[in-house]
Amino acid sequence: MTEKNLYDTILARSFGKNDQKRLGYGAFIASLLFVFTLCTVFKPYLSPLPIVELQLSVDAGLRMLRITEPQTLKSSNNATSEEDAAEKLIIPTNQINITSNATITQSLISSEVHELSVFNDTNLLKNHLDSFNSTTNTTISKEQVISDQFKMEKPICHKRTRTELCEITGDVRINGKSATVLAAIEFPFSGDSTWRMRPYARKGDVMAMNRVREWTVKLTQNADQSENANFSRCVTNHSVPAMLFSLGGYTMNNFHDFTDVLIPLYTTARRFNGEVQFLVTNKNLPWINKFKEILKNLSNYELIYIDEEDETHCFTSVVVGLNRHSEYFKELTIDPSNSEYSMSDFRKFLRDTYSLRNAAVATTRRRRPRILILSRGRSRAFTNSGEIARSAREIGFKVVVAEANTGVASFARTVNSCDVMLGVHGAGLTNMVFLPEKAVVIQILPIGGYEWLAKTDFEEPSKGMDLRYLEYKIAAEESTLVKKYGRDHEIVRDPSAVAKRGWETFKSVYLVQQNVSIDINRFKPVLFKAFELLQRE
Ligand SMILES: *[C@@H]1O[C@H](CO)[C@@H](O)[C@H](O)[C@H]1NC(C)=O
Ligand SMILES: *[C@@H]1O[C@H](CO)[C@@H](O)[C@H](O)[C@H]1NC(C)=O
Ligand SMILES: *[C@@H]1O[C@H](CO)[C@@H](O)[C@H](O)[C@H]1NC(C)=O
Ligand SMILES: *[C@@H]1O[C@H](CO)[C@@H](O)[C@H](O)[C@H]1NC(C)=O
Ligand SMILES: *[C@@H]1O[C@H](CO)[C@@H](O)[C@H](O)[C@H]1NC(C)=O
Ligand SMILES: *[C@@H]1O[C@H](CO)[C@@H](O)[C@H](O)[C@H]1NC(C)=O
Ligand SMILES: *[C@@H]1O[C@H](CO)[C@@H](O)[C@H](O)[C@H]1NC(C)=O
Ligand SMILES: *[C@@H]1O[C@H](CO)[C@@H](O)[C@H](O)[C@H]1NC(C)=O
Ligand SMILES: *[C@@H]1O[C@H](CO)[C@@H](O)[C@H](O)[C@H]1NC(C)=O
Ligand SMILES: *[C@@H]1O[C@H](CO)[C@@H](O)[C@H](O)[C@H]1NC(C)=O
């Protein structure tokens with residue numbers, strides 16, 4: 001992982017109005033500074049193998065077992081809650097039947113995915129975990145396994161690249177006041193019995209995670225004993241499973257709403273077929289209202305703001321956190337090799353939920369294709385959208401100009417009725433999730449080093465949605481920054497040099513606003529290309 005990448009991750013926030021409003025300008029800048037401070041501390045976490053993650057294949061079911069390599073972790077950084085959580089939380093169960101040697105292989109060692117793959121047949125066992133040497137492959141012999149009297153381990157909490165989640169069945173009691181999930185385990189167990197986590201699927205992003213309430217998952221043999229007195233009475237017994245997740249983090253930024261919450265929520269909740277109780281931590285009424293249709297279609301029950309609950313809620317099955325199936329730098333995507341659902345399932349779900357008619361672009365041979373020009377209000381706005389619209393009409397498009405500030409349901413219908421969506425880099429482009437397949441997305445890149453973000457946030461995701469992608473990078477003259485700073489200012493001449501200076505980047509790229517005045521002659525070929533793509537097949 002390079003500096004650049006780390007840096008870009010942090011850059012990957014595109015803050016919407018609400019974020020800035022909520023934080024206030026000063027706090028916003030302070031928090032950006034805070035991220036930079038943390039970066040140094042945080043960096044080792046991203047270096048190879050601070051955390052050893054092992055995936056076990058036990059009989060039929062795949063189980064994940066997560067272990068920290070303690071020396072590496074302690075020596076490389078001082079734990080934030082993120083790292084504190086890197087304990088193992090496993091439930092030993094019965095004796096096991098050993099049928100062959102177990103081999104721990106190491107893979108992806110230098111990639112950002114700290115996952116060791118896998119071995120078959122036997123179980124990896126506790127005593128050996130402590131002595132496990134992560135720089136070599138280790139084979140544990142059958143005899144060794146037996147002599148050590150290993151126990152079968154049933155992990156309940158997992159770490160994945162961008163999320164953590166616990167899946168607990170049994171007697172589970174949830175207390176909102178103290179942010180505790182208590183799991184009563186009947187049989188004796190050893191090892192750590194608590195796990196701290198923040199149930200928001202953007203692990204590794206310090207600023208986001210700081211805005212997420214921390215929860216403790218605690219195993220106990222006796223849920224009714226005095227140290228658990230606060231949990232002992234189940235005031236409400238629920239008959240369906242629960243899912244506990246946060247609406248803190250970067251919610252209310254449309255991009256983050258989808259990539260951090262809605263897609264993970266869908267892949268985690270869909271299998272319950274509505275028979276699941278949502279427990280929301282970090283209550284966020286505007287968000288709940290914004291996405292009420294989706295929430296309603298994923299859960300048949302009125303959601304509970306668990307932070308406000310004095311009394312304990314009891315369940316027989318609980319998922320804490322949202323599963324996010326993606327590699328570190330992948331957004332708006334579901335890795336199909338890891339999930340029973342695909343991005344195409346998610347998009348179909350959205351179409352069903354919002355009654356969107358167009359699954360794919362219909363032939364444009366006998367009609368004028370529709371282009372949606374996404375306008376933005378405050379920054380990165382088109383100063384000449386009228387001219388763009390005229391030019392598109394000349395080419396043969398029907399033009400819709402709209403800003404994504406109406407309700408989601410109505411905007412989703414607008415987007416779904418179009419064949420092309422054109423917009424400047426920003427959270428509004430996330431609305432591509434509503435486009436029919438084979439539609440064309442045109443992303444406009446302002447000046448100032450947006451390339452990596454543009455690719456990660458929208459270009460790559462568009463491919464996973466079966467969309468066609470075109471890009472237009474504006475020339476310096478097309479940015480209002482030229483008017484403001486002059487042609488010779490460094491930010492105009494060499495934005496990447498500015499970007500290298502760290503903190504300055506935020507000032508120049510994000511906080512200094514620019515609008516975009518498209519040079520129609522230069523841009524026209526892109527519109528032609530979009531038109532032509534729609535004629536094909
Ligand atoms: C980490 O903690 C140790 C002891 O708690 C302290 O001596 C050390 O300075 C800390 N390091 C950093 C980078 O904060
Ligand atoms: C172990 O294997 C034997 C024979 O295959 C089987 O009868 C027994 O039930 C197994 N025990 C467990 C705990 O799976
Ligand atoms: C570990 O196992 C993997 C997969 O079997 C293999 O590719 C790799 O070379 C092994 N590494 C060592 C150090 O033996
Ligand atoms: C276990 O893994 C080894 C090597 O990866 C493979 O040759 C063997 O067939 C596997 N055994 C089972 C039971 O899957
Ligand atoms: C782990 O294995 C490597 C390679 O064999 C060795 O150099 C290193 O000393 C070992 N580390 C520990 C802690 O055993
Ligand atoms: C299991 O490990 C032992 C000791 O390392 C070795 O002698 C034996 O051949 C291994 N068995 C298999 C099936 O790999
Ligand atoms: C139980 O709750 C009370 C009040 O909220 C708190 O003061 C006390 O520390 C809690 N006890 C335990 C064991 O958590
Ligand atoms: C909830 O279930 C527990 C265990 O089955 C029972 O002891 C308790 O009385 C129930 N509470 C309510 C309010 O029904
Ligand atoms: C909910 O989603 C399913 C598909 O996931 C769809 O069949 C159904 O029509 C949707 N229901 C509502 C009320 O939106
Ligand atoms: C960009 O355009 C918007 C809307 O017209 C305006 O409010 C804003 O001040 C402009 N910003 C810059 C930097 O020109």
- Heavy atoms only: give me the nearest P461-E331 pair and the separation to one decimal. CG-O, 3.4 Å
- Message: For the backbone of L435 and the side chain of N416, can you confirm whether one donor and one acceptor N or O come within less than 3.5 Å of each other?
- Response: no
- Message: Which label fits F291 and W287: parallel for a plane angle under 30°, tilted from 30 to 60°, or perpendicular past 60°?
- Response: tilted
- K290 NZ: over 12 foreign heavy atoms closer than 6.0 Å: yes
- Message: Could you check whether any side-chain heavy atom of E164 comes within less than 4.5 Å of a side-chain heavy atom of V320, counting everything from C-beta outward?
- Response: no
- Heavy-atom closest pair (R202 atom, R324 atom, distance to 0.1 Å) is NH1-NH1, 3.7 Å
- Message: Between the side chains of K330 and D335, is the shortest nitrogen-to-carboxylate-oxygen separation below 4.0 Å, so that they form an ion pair?
- Response: no
- Given side chain to side chain contact (heavy atoms under 4.5 Å, CB included), test R347 with L467 step by step and report yes or no. CA-CA 12 Å; R347 275 159 46 74; L467 301 171; 3.9 Å; yes
- Task: Please work out whether the ring planes of Y250 and H256 are parallel, tilted or perpendicular, with thresholds of 30° and 60°.
- Result: tilted
- For E340 and D345, run side chain to side chain contact (heavy atoms under 4.5 Å, CB included): C-alpha distance rounded to whole Å, both residues' side-chain angles, the deciding distance at 0.1 Å, then the answer. CA-CA 10 Å; E340 56 198 302; D345 295 329; over 6 Å; no
- Y266 and its ring-ring contact (aromatic ring centres under 6.0 Å, His included) partner, picked from F272, F245, F258, Y341: Y341
- Message: Whether the side chain of T216 engages the backbone of K218 through a donor-acceptor N/O pair (distance < 3.5 Å, no angle test) should be reported.
- Response: no
- Item | Test log, rule side chain to side chain donor-acceptor pair (under 3.5 Å), inputs N323 and R160 | CA-CA 8 Å; N323 213 345; R160 285 177 182 269; 2.9 Å; yes
- Mind checking whether F458 and F255 have ring centres under 6.0 Å apart? yes
- Query: How many angstroms lie between CZ in R162 and CD in E327, if you round to the nearest 0.5 Å?
  - Reply: 11.5 Å
- Do the side chain of Q277 and the main chain of E302 share a donor and acceptor less than 3.5 angstrom apart? yes
- Message: Please determine whether side chain to side chain contact (heavy atoms under 4.5 Å, CB included) holds for the pair V276 and L298, giving the CA-CA distance in whole Å, both sets of side-chain angles, and the decisive distance to 0.1 Å.
- Response: CA-CA 8 Å; V276 60; L298 285 174; 5.9 Å; no
- Item | K296, NZ atom: more than 12 neighbouring heavy atoms under 6.0 Å | no
- Query: For residues E293 and T353, is any side-chain donor paired with an opposing acceptor at under 3.5 Å?
  - Reply: no
- Taking atom types as modelled, is there a side-chain donor on N282 or R211 under 3.5 Å from an acceptor on the other? no
- Message: Which heavy atom of L279 sits nearest to which heavy atom of I174, and what is that distance?
- Response: CD1-CD1, 3.5 Å
